[in-house]
Amino acid sequence: MATLTAGALGKMVKDSPPGLQAVLQVINLKKIAANGANDRYRLLVSDGEATYSHVMLATQLNTMMENNEIDALCVIRVNRYLCNTIQQDKRILILLDLEVLRKGSEVKEKIGNPTQLKLDAAGSAPAPQQDQPPPVQETSCRAAPALARPPLNPARIAGGNNATSPMQSSNSFGAKRPQAGPGTPGSDRVHKIATLTPYQNRWRIRARVTQKSNIRTWSNSRGEGRLFNVNFLDESGEIRATGFNDAVDKFYELLEVNKVYYVSRCSLKTANKQYSNVKNDYEMSFNNDSVIEKCEEEVDLPCMTFDFVPINEMEKHPAKSIVDVIGVVKVCNDLSTVIGRQSQKEITKRDLQIVDQSGSAINMTLWGSDAQSFDGSSHPVIAVKGASLSDFGGRSMSVLASSQTIVNPDIREAHMLRGWYDREGANMDFSTFKSDGMSGGGTSWKTFGQVVQENLGQGEKADWFTTKATLMHLKKDNCMYQACPTENCNKKLVDQGNGMWRCEKCQREFPNYKWRMILQATLSDFSGHQWVTSFQESAETLLGVKADELGDMRQNNEAAFDQVFQQALFKDYVFKLRAKVEVYNEESRLKTVCVAATPVDYTQYGKHLVEEIQKMGL
DNA sequence: CCCCCCCC
């Protein structure tokens with residue numbers, strides 16, 4: 001029988017001496033599904049005297065689980081480990097390197113009579129959750145919501161949870177009560193959202209629903225189904241929850257915005273921050289075991305928290321990130337429609353310009369019913385939780401279906417904005433994001449390095465950007481052609497050899513032609529380089545001659561023609577470029593078109609650089 | 001397990 005390293009677990013958890021090796025028995029193991037690819041394994045281990053359950057396998061050892069090398073009751077030697085403290089006082093052992101000394105299938109039984117590891121106050125390890133919630137910015141709001149979705153009843157936005165719906169005679173759904181139900185002293189305690197982790201089994205929160213999505217369907221290569229999201233909020237923090245398929249039927253009607261619920265037995269996994277700005281490292285999904293009960297008592301829980309980003313700081317946040325914003329609607333444009341590139345359907349939209357005390361303005365687009373129901377006629381204050389940032393025009397914003405919009409919220413920030421705008425803001429000039437760029441004209445500045453880093457042009461549609469670069473190389477061959485003289489027809493003509501040229505598009509022959517340019521060039525900056533194609537106007541700028549002159553030179557004065565190319569090299573311009581990946585002979589490459597080239601205005605470019613430096617926050 | 005959110 002193998003000998004375990006008695007007392008090892010206490011040392012590992014409390015002092016974590018480096019180099020400590022310990023022979024331990026794995027009593028039990030369990031898979032914790034994280035974001036798809038990265039499953040984690042949690043172990044209950046024993047050193048013969050004590051057991052410890054906050055033990056995780058480092059992901060690089062996952063294969064030992066997957067090929068059943070580590071099984072229940074096996075004896076392992078831990079060669080390397082870490083002890084992480086998470087959420088105040090919880091200590092998690094992470095096993096980094098281990099070998100299996102004996103398979104559990106041979107050992108067959110628990111070694112010794114270990115009891116749960118106890119730690120003194122100094123060790124302060126996994127005490128049952130006594131966690132005090134960290135202070136949290138809390139904005140309770142009594143507001144008149146203006147947008148139709150999701151249903152927010154103004155009468156209920158604050159205060160108790162006393163609003164009832166006739167539909168809601170039964171308020172408990174899901175499986176039986178948790179074993180630790182009401183009446184079981186101690187176990188009935190309510191946990192704080194901020195203390196939830198995937199590493200604990202038993203918890204119950206009491207939280208207000210602050211946001212609720214519509215039911216959506218999805219269909220992709222991994223399957224199809226229905227889902228909805230809600231956000232829960234308590235004094236300690238917030239968490240996003242998702243209900244899939246059956247959970248939609250079970251919980252969608254029960255969960256109402258602004259009401260309070262007891263929630264337990266849901267799955268927790270690490271949150272993908274890309275898709276929400278809910279301040280939690282984890283998110284939950286409802287499963288067959290989950291229990292959600294309406295809380296009937298009056299409880300004083302916050303209604304909504306915001307983490308407002310001042311408008312002038314929007315450039316510090318990357319495009320596509322999700323932020324909260326509050327501002328006064330300075331301009332409310334009429335409804336308009338666009339055709340969705342993907343859906344090919346007509347979509348209603350409304351553009352707003354909102355401003356705040358930072359002196360900056362930003363464009364914000366509302367879509368669909370949000371756009372239709374919006375009334376901006378009185379320059380209201382608008383607060384949006386979870387709007388998405390885009391880099392169109394430097395920076396602009398879009399209100400998503402998952403965003404929460406509140407018009408004239410009864411919060412401090414809104415009152416301050418109202419007073420400021422009525423006093424002075426209405427007559428102020430605001431800086432807009434597009435005005436930063438010289439010939440930038442609505443596209444953001446990128447270096448070639450950033451173009452690669454940020455995968456520009458890899459998406460469905462082309463990405464536009466502005467850059468200052470040096471003209472490093474020009475391709476002389478085929479840089480121009482004889483084009484149809486008909487206005488707006490730039491088709492290449494076929495030389496008939498008899499003094500006539502034929503346009504296949506116009507189905508006509510002409511005695512004359514016009515020169516058109518397609519110039520291939522390499523541009524370079526400190527971070528990289530890029531092949532680009534320039535057409536007529538921008539090519540003329542780069543070469544410093546008109547196409548007609550150049551065509552003349554090519555035919556009559558080859559030396560002059562060559563010299564144009566020599567002189568053009570190594571000059572700097574500000575380029576407006578359009579990039580899109582195209583697949584050509586099974587090879588994909590970034591096709592970049594020069595939409596405009598302008599000589600560098602160094603005063604303005606210097607200002608741009610200063611702004612970039614300021615954005616770095618140095 | 002979704003995560004699309006549209007246009008210039």
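Proteins come first, then strands; the chains are lettered A, B, ... in the order of their sequence lines, and each starts at number 1.
Residue ring and nucleobase are not stacked for A:Trp367 and B:dC5 under a centre distance beneath 5.5 angstrom and an angle between planes beneath 30°. Stacking is found between A:Tyr275 and the pyrimidine-like six-membered ring of the B:dC3 base under the 5.5 Å centre-distance and 30° plane-angle cut-offs. Look at A:Trp218 and the base of B:dC4; the rings do not stack under the cut-offs of 5.5 Å between centres and 30° between planes.
Whole-Å rounding puts the A:Asn277 CG to B:dC3 P distance at 18 Å. At whole-Å resolution of the value, CG in A:Asn363 and P in B:dC7 are 15 Å apart. Going from atom CG of A:Leu366 over to atom P of B:dC6 covers 12 Å, rounded to whole Å. One atom, CG of A:Asp334, and another, P of B:dC7, lie 21 Å apart when rounded to the nearest Å. Rounded to a whole Å, the NZ atom of A:Lys269 is 12 Å from the P atom of B:dC3. Remark: P of B:dC3 and CG of A:Asn229 are 10 Å apart, rounded to the nearest angstrom. Atom C1' of nucleotide B:dC2 and atom CZ of A:Phe286 are separated by 14 Å, given to the nearest angstrom. A:Asn272 places its CG atom 9 Å from the P atom of B:dC1, with the value rounded to the nearest Å.
Contact annotation for A:Ser388: no contact, since no heavy-atom pair falls under 4.0 Å across all strands.
Note: A:Phe448 and A:Phe465 have perpendicular aromatic rings, judged against thresholds of 30 and 60 degrees for the angle between ring planes. By the 30° and 60° cut-offs, the orientation of the rings of A:His379 relative to A:Tyr421 is tilted.
A donor and an acceptor atom, one from each side chain of A:Thr59 and A:Asn62, are nowhere located under 3.5 Å apart.
Annotation: cation-pi pair A:Arg395/A:Phe433 absent, no NZ/CZ under 6.0 Å from the ring centroid and within 45° of its normal.
Comparing B:dC8, B:dC2, B:dC6 by their closest approach to the side chain of A:Phe244 singles out B:dC2. The side chain of A:Arg222 approaches B:dC2 more closely than any other nucleotide in the set B:dC7, B:dC8, B:dC2. Of the listed nucleotides (B:dC2, B:dC7, B:dC5), B:dC2 has the atom at the smallest distance from the side chain of A:Arg216.
Atom NZ of A:Lys385 is separated from atom OG of A:Ser402 by 11.0 Å, given to the nearest 0.5 angstrom.
Below the 3.5 angstrom threshold, one finds no donor paired with an acceptor across the side chain of A:Arg226 and the base of B:dC1. Counting atom types as modelled, A:Glu346 pairs no side-chain N or O with a base atom of B:dC6 as donor and acceptor under 3.5 Å.
For the pair A:Lys273 and B:dC3, the criterion of a side-chain N or O lying under 4.0 Å from OP1 or OP2 is not met. OP1 and OP2 of B:dC1 both lie 4.0 Å or more from every side-chain N or O belonging to A:Thr242. Contact annotation: A:Arg240 side-chain N/O to B:dC2 OP1/OP2 distance is not under 4.0 Å. Distances shorter than 4.0 Å separate some side-chain N or O of A:Asn220 from OP1 or OP2 on B:dC2.
Partner of A:Asp324 under the side chain to side chain contact (heavy atoms under 4.5 Å, CB included) criterion, chosen from A:Val309, A:Val384, A:Asn277: A:Asn277.
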